[in-house]
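Before any comments, here is the structure.
If you read the sequence from its start, that first residue is 1, and numbering goes on from there. Both counts, for ligands and for their atoms, begin at 1 and track the order of listing.
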Amino acid sequence: MELTPKQIEVVESVRTENPKILILSGAKRAGKTYVAILLYLGHIATYEGQGLSFVIGGATYSSIWRNILNDIENIIGREIKLDKTNAFEIFGNKIYVFDGSKSDSWKKARGFTAAGALLNEGTALHDNFVKEVISRCSYKGAKIIIDTNPENPAHPVKEDYIDKDGQRLESGRLNIRAFHFTLYDNVFLDPEYVESIVASTPSGMFTDRDIKGQWVAAEGVIYKDFDKNKHYIASMEGINFIRYFAGVDWGYEHHGSIVVIGEDDKGCYYLLEEHAHQHQEIDFWVDVVKEIQSRYGNIFFYCDSARPEHIQRFRRERIRAVNADKAVIAGIEEVARLFKTDKLKVVKNNVKRFDKEIFLYVWNEVTGEPVKQWDDVLDSLRYAIYTQLKPQRRRTGSR
Ligand SMILES: Nc1ncnc2c1ncn2[C@@H]1O[C@H](COP(=O)(O)OP(=O)(O)OP(=O)(O)O)[C@@H](O)[C@H]1O
Ligand SMILES: [Mg+2]
């Protein structure tokens with residue numbers, strides 16, 4: 001089995017330094033989980049036939065299957081069947097599988113003695129769960145392996161473990177060893193694939209985290225790749241539209257907003273028009289939609305789900321109103337990727353509020369979330385784009 005140079009470095013550290021807690025953090029697709037699984041199976045094998053307990057933890061059962069168990073099946077060449085306690089046997093030991101994303105997830109691991117744990121996507125796990133699992137690993141020689149993508153630098157995985165790289169136990173055994181991966185560390189990826197990921201990953205935080213694997217805070221303007229000179233267009237002449245859809249963000253004190261998006265035959269998207277108004281009731285918005293429909297037909301409206309009564313009203317008016325997918329960071333990343341790849345353009349003369357928001361919509365550096373200001377048109381744009389594109393991404397698996 002061939003390993004990348006970075007993976008070899010990790011394996012060498014385990015062989016020579018034998019840390020109790022091993023943390024692999026960094027870029028997506030960098031080869032972290034691959035080596036984590038190999039090392040963990042090797043660890044379990046050293047206790048062969050002893051009937052001990054081990055843990056595999058991840059955010060949800062489906063992510064654990066996708067990221068860990070399917071690969072283990074391939075390596076050991078047989079199917080894994082979880083029993084009633086969500087456990088399976090391997091090398092004469094028992095592996096308990098826990099989903100650890102919720103605040104009470106830690107209770108599952110209570111009162112348990114384990115000889116090891118593999119924790120997948122550390123930042124997606126609840127901090128209490130991570131700490132409980134680590135404290136359960138009290139069997140002699142127990143080892144904890146955590147893999148994770150970077151997040152905010154104040155995240156407990158970073159502050160409590162990665163920043164304590166090199167820490168030793170009283171016995172002298174190395175307690176924590178942390179490794180940092182970049183996308184370029186995975187030398188087995190097709191260079192064209194790497195090139196396309198780099199070219200389509202939005203600038204700023206997304207590139208720093210997903211490509212360089214750095215624990216950086218979100219800061220500054222959110223849509224850093226928006227460029228007036230490239231992304232504003234004067235007219236729609238010569239564009240061959242194949243589809244239209246719309247996004248809706250309800251607002252009263254804040255601006256309510258509806259945007260209409262067009263998709264052309266080359267996979268480009270166009271913000272065709274914006275309707276942003278304060279202090280308007282639902283009857284007003286129904287009229288706006290009727291007028292939009294008179295020009296674009298019976299298109300989908302992807303709506304903020306916060307006001308179900310408004311969506312009901314739209315549906316009574318025979319408007320194709322659908323709950324939008326509101327995942328904030330993933331949605332922003334999708335819109336930002338379109339700007340980065342020059343696949344989202346805006347008809348300059350049809351937008352007013354967008355022109356302000358795009359330069360004023362910023363990250364809150366403390367929470368890592370967007371500041372909830374100057375986001376009304378941009379939220380409706382995000383709902384439209386992300387909800388429309390997500391099923392396509394699932395079908396093709398493309399990035
Ligand atoms: N040594 C290797 N030999 C062959 N393929 C490898 C090797 N290391 C990693 N890969 C493959 O590269 C891809 C990415 O690896 P892996 O899933 O370990 O990345 P990751 O760092 O966990 O990424 P993510 O953060 O996205 O979960 C996988 O398809 C994996 O099978
Ligand atoms: Mg992984």
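Separation of the Phe91 and Tyr47 ring centroids does not fall under the 6.0 Å cut-off. For Tyr386 and Tyr302, the ring centers sit 6.0 Å or farther from each other. Outside the 6.0 Å centre-distance limit, the rings of Tyr244 and Phe300 are not counted as a close aromatic pair. Aromatic ring centroids of Phe98 and Tyr61 lie 6.0 Å or more apart.
With hydrogens left out, the protein atom closest to atom 12 (O) of ligand 1 is Asn186 ND2, 3.0 Å, a heavy atom. Scanning all protein heavy atoms for the shortest distance to atom 25 (O) of ligand 1 gives Lys32 NZ, 2.7 Å. Here the heavy atom of the protein found nearest to atom 27 (O) of ligand 1 is Thr33 OG1, 4.0 Å. Scanning the protein for heavy atoms near atom 8 (N) of ligand 1, the closest one is Gln7 NE2, 3.0 Å.
In summary, an N, O or S atom of Thr33 is located under 2.8 Å from the Mg ion (ligand 2).
For the pair Lys348 and Tyr232, the cation sits on the ring face: its NZ or CZ lies under 6.0 Å from the ring centre, inside 45° of the axis.
Residue contact check: Ala27 has heavy atoms under 4.0 Å from atoms 21 (O), 25 (O) of ligand 1. For ligand 1, the atoms lying closer than 4.0 Å to a non-hydrogen atom of Ala30 are 19 (O), 20 (P), 21 (O), 23 (O).
Taking the six-membered ring where tryptophan is involved, the planes of Phe339 and His231 are tilted, since the angle between them lies from 30° to 60°. Under the 30°/60° scheme for interplanar angles, the aromatic rings of Trp250 and Phe314 are found to stand perpendicular.
Contact annotation for Tyr34 and ligand 1: heavy atoms of both the backbone and the side chain come within less than 4.0 Å of the ligand. The part of Asn149 lying near ligand 1 is the side chain, judged by heavy-atom distances below 4.0 Å. Residue contacts with ligand 1 for Leu24 are absent, since no atom lies close enough (heavy atoms, distance under 4.0 Å).
Smallest separation of non-hydrogen atoms from Val322 and Arg315: CA-NH2, 4.1 Å.
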Side chain to side chain donor-acceptor pair (under 3.5 Å) between Thr4 and Asp185, worked out = CA-CA 7 Å; Thr4 68; Asp185 285 325; over 6 Å; no
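The shortest N or O to N or O distance between Gly31 and ligand 1 is below 3.5 Å.
Not close to ligand 1: Phe181, with no non-hydrogen atom less than 4.0 angstrom away. Heavy-atom distances between Asp147 and ligand 1 stay at or above 4.0 Å for every pair.
Considering each of Lys6, Glu121, Arg29, Glu2, the one bringing a non-hydrogen atom nearest atom 26 (O) of ligand 1 is Arg29.
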